Amino acid sequence: MSNIDYIFEEKAADIGNFLVGRLLPFRQKRNIGPFVFIDHMGPKKLQAGENLDVAPHPHIGLSTLTFLFEGAIQHKDSLGNDLMIEPGAVNWMTAGNGVVHSERTPNHLRNVEKSVHGLQIWIALPKHLEDIDPSFVHVEANELPTWTENAVDFKLIAGEFDDIKSPVPVYSKLYMIELKANADQTINLHDRLYGESGLYILEGEVSSNGNAFGPKQILITKDAHLCTFDIKAGSTLYLFGGEPFEEEHFIFWNFVSSSRETIDEAKERWIKQEFPKVPGETEFVPLPQNPLKKD
């Protein structure tokens, strides 16, 4: 990327069952376009009886995007959805005025060895849509647009790119794109991207202006129109970004809003257990006093 404004290494964060690599937010950069939170989960080998168990917890003011490279997660939410996500598919949950969900290892994997690896992402809702009713969409891997350019395989996971549109129902102008390189080459996306852009290197190597960057690094530019970089064969990258919102968005724990008052109200609602319940679940994650996800 010829105009890199920030370079970050993913940082360890504890989500209860194991450590993840946090890609966003950083103190110096709180969002990339409408993207406000990105975790690289795994790769983590789990033994028989060792499982992912994230008990019911609430969200407001955002959409969550789950995308797995390996393994499976059972999603259950207060809308009544109960389904398993596997590699290449997308779980897209819009919290709006309030939703609760749990994420667990599926029953058929709980007593065998398995792995979990993927990305978990939060995308802030535009101010005028922060209070919409919650919804959930599951998009299968074969429904996502794919194409090849000069020995690079592209996949549009969410949003818009050129005249291509993902079936994931986003609420603002954004993109999340997977790139897999089959040969060394230069990627030139001049005038094809928009807004701010982040480039995450899952594996392989990217270079720009004589500087090389490797796995677990994220490069951020405030002007995606100037996105050009060299990529090594065998590399897998994720580009994400879009037009940033005019208003600031605040984060406390699992709550995102352009209003601190709305977040305070959500805290009280969760303490009083006034959010909708997840059918079949009796546990819940208490409101933390000092959450890792700070505003």
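On a predicted model such as this, the values are computed, not experimentally measured, just so you know.
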Colleague: Parallel, tilted or perpendicular: which one describes the rings of H40 and H117, with boundaries at 30° and 60°?
Modeller: tilted
Colleague: Give me the atom names and distance for the closest heavy-atom approach of I164 to L156.
Modeller: O-CD2, 3.5 Å
Colleague: Within the side chain of D184, is there an N or O that forms a donor-acceptor pair under 3.5 Å with the backbone of A233?
Modeller: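 Flag set: sc D184 to bb A233 pair under 3.5 Å.
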Colleague: I'd like to know whether Q185 forms a side chain to side chain donor-acceptor pair (under 3.5 Å) with D230, so could you lay out the CA-CA distance, the side-chain angles of the two residues, the decisive distance to 0.1 Å, and finally the verdict.
Modeller: CA-CA 6 Å; Q185 61 190 283; D230 295 319; over 6 Å; no
Colleague: Are the side chain of N91 and the backbone N or O of H138 linked by a donor-acceptor pair below 3.5 Å?
Modeller: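 Checking the backbone N and O of H138 against the side chain of N91, no donor-acceptor pair under 3.5 Å is found.
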Colleague: Test your reading of the model: is there a side-chain donor-acceptor pair from W92 to the backbone of F136, 3.5 Å cut-off?
Modeller: no
Colleague: Is the number of heavy atoms from other residues, nucleotides or ligands within 6.0 Å of NZ (K267) greater than 12?
Modeller: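 Yes - once you tally the heavy atoms of other residues, nucleotides and ligands closer than 6.0 Å, there are more than 12.
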Colleague: Side chains of F154 and T148: closer than 4.5 Å at any heavy-atom pair?
Modeller: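 The answer is no, as the side chains (C-beta and beyond) never meet within the 4.5 Å cut-off.
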Colleague: Using modelled atom types and a 3.5 Å cut-off, is there a donor and acceptor pairing between side-chain atoms of T262 and backbone atoms of S257?
Modeller: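 Not confirmed, T262 side chain does not pair with S257 backbone.
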Colleague: Measure from the side-chain N and O atoms of Q273 to the backbone N and O of W270, and report whether any donor-acceptor pair falls under 3.5 Å.
Modeller: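 It does hold such a pair.
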Colleague: Output yes when a side-chain donor or acceptor of S207 lies under 3.5 Å from a complementary backbone atom of G210, and no otherwise.
Modeller: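 Not at all, since once roles are kept as given, no pair shorter than 3.5 Å links the two residues.
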Colleague: Go through the steps for E283 and R104 under the test salt bridge (Lys or Arg N to Asp or Glu O under 4.0 Å), then give the verdict.
Modeller: CA-CA 12 Å; E283 298 178 282; R104 302 183 184 274; 2.9 Å; yes
Colleague: Decide side-chain contact (heavy atoms from CB on, under 4.5 Å) for L125 and F245; before the verdict, give the C-alpha distance in whole Å, the side-chain angles of both, and the deciding distance to 0.1 Å.
Modeller: CA-CA 9 Å; L125 289 169; F245 298 132; over 6 Å; no
Colleague: Take atom NZ in K277; do more than 12 heavy atoms of anything else shown fall under 6.0 Å from it?
Modeller: yes
Colleague: Would you say that more than 12 heavy atoms from the other residues, nucleotides or ligands in this model lie under 6.0 Å from the CD of E149, or not?
Modeller: yes
Colleague: What's the verdict on side-chain contact (heavy atoms from CB on, under 4.5 Å) for W147 and D162, showing C-alpha distance, side-chain angles and the deciding distance?
Modeller: CA-CA 12 Å; W147 68 98; D162 290 341; 5.9 Å; no
Colleague: Given the side-chain rings of Y238 and F69, with only the six-membered ring counted for Trp, is the space between their centroids under 6.0 Å?
Modeller: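 Ring-ring flag for Y238/F69: true, centres closer than 6.0 Å.
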Colleague: I'd like to check L202 versus L237 (side-chain heavy atoms, cut-off strictly below 4.5 Å). Are they in contact?
Modeller: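 In short, these two side chains do not touch, never coming nearer than 4.5 Å.
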Colleague: With a cut-off of under 6.0 Å to the ring centre and 45° to the axis, is K173 in cation-pi contact with Y194?
Modeller: yes
Colleague: With a 4.0 Å cut-off, would you call D53 and R110 a salt bridge?
Modeller: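 Answer for the salt bridge query: yes.
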Colleague: Are the side chain of E50 and the backbone of Q47 linked by a donor-acceptor contact shorter than 3.5 Å?
Modeller: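 It does hold such a pair.
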Colleague: Give, for atom CD1 of I123 and atom CD1 of I32, the distance between the pair rounded to the nearest 0.5 Å.
Modeller: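 Between I123 CD1 and I32 CD1, I get 11.5 Å after rounding to 0.5 Å.
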Colleague: Please check this pair: side chain of E268 against backbone of E265, looking for a donor-acceptor N/O pair closer than 3.5 Å.
Modeller: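 Checked: no pair found.
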Colleague: Verify side-chain contact (heavy atoms from CB on, under 4.5 Å) between N97 and D133, making sure each step is shown before the conclusion.
Modeller: CA-CA 6 Å; N97 55 35; D133 290 335; 3.2 Å; yes
Colleague: Is there a donor-acceptor pair closer than 3.5 Å between any side-chain N or O of D77 and the backbone N or O of L79?
Modeller: yes
Colleague: Just wondering, more than 12 heavy atoms not from K127 lying within 6.0 Å of its NZ?
Modeller: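 No, NZ of K127 has 12 or fewer neighbouring heavy atoms, counting only those of other groups under 6.0 Å.
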Colleague: Which heavy atom of S172 sits nearest to which heavy atom of P126, and what is that distance?
Modeller: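 Closest heavy-atom pair between S172 and P126: CB-CG, 4.2 Å.
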Colleague: F255 and W122: aromatic ring centres closer than 6.0 Å?
Modeller: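 Here the rings of W122 and F255 have centres that are no less than 6.0 Å from each other.
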Colleague: When rounded to the nearest 0.5 angstrom, what is the spacing between CD in E86 and CD in E70?
Modeller: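 The distance works out to 12.0 Å.
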Colleague: Is any side-chain heavy atom of Y171 closer than 4.5 Å to one of T94?
Modeller: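 With C-beta onward as the side chain, the pair touches.
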Colleague: Using distance alone, with no hydrogens and no angle criterion, decide if E130 and H249 have a side-chain donor and acceptor under 3.5 Å apart.
Modeller: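 Yes - a donor-acceptor pair under 3.5 Å links their side chains.
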Colleague: Among D82, L109, I85, L52, which one satisfies side-chain contact (heavy atoms from CB on, under 4.5 Å) with Q74?
Modeller: D82
Colleague: Looking only at side chains, do S115 and K45 share a donor and an acceptor under 3.5 Å apart?
Modeller: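 The criterion, which ignores hydrogens and geometry beyond distance, is satisfied for K45 and S115.
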Colleague: In terms of hydrophobic clustering (I, L, V, M, F, W, Y; side-chain heavy atoms under 4.5 Å; direct or indirect links), are L83 and V139 co-clustered?
Modeller: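 Shared cluster, no.
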Colleague: How would you list, by chain and number, every residue that makes a side chain to side chain donor-acceptor pair (under 3.5 Å) with H101, sequence neighbours excluded?
Modeller: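 With sequence neighbours excluded, H101 shows a side chain to side chain donor-acceptor pair (under 3.5 Å) to H57, H59, given in chain and number order.
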Colleague: Classify the side-chain pair E203/T236 by whether it contains a donor and acceptor separated by less than 3.5 Å.
Modeller: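 Per modelled atom types, E203 and T236 side chains form a pair under 3.5 Å.
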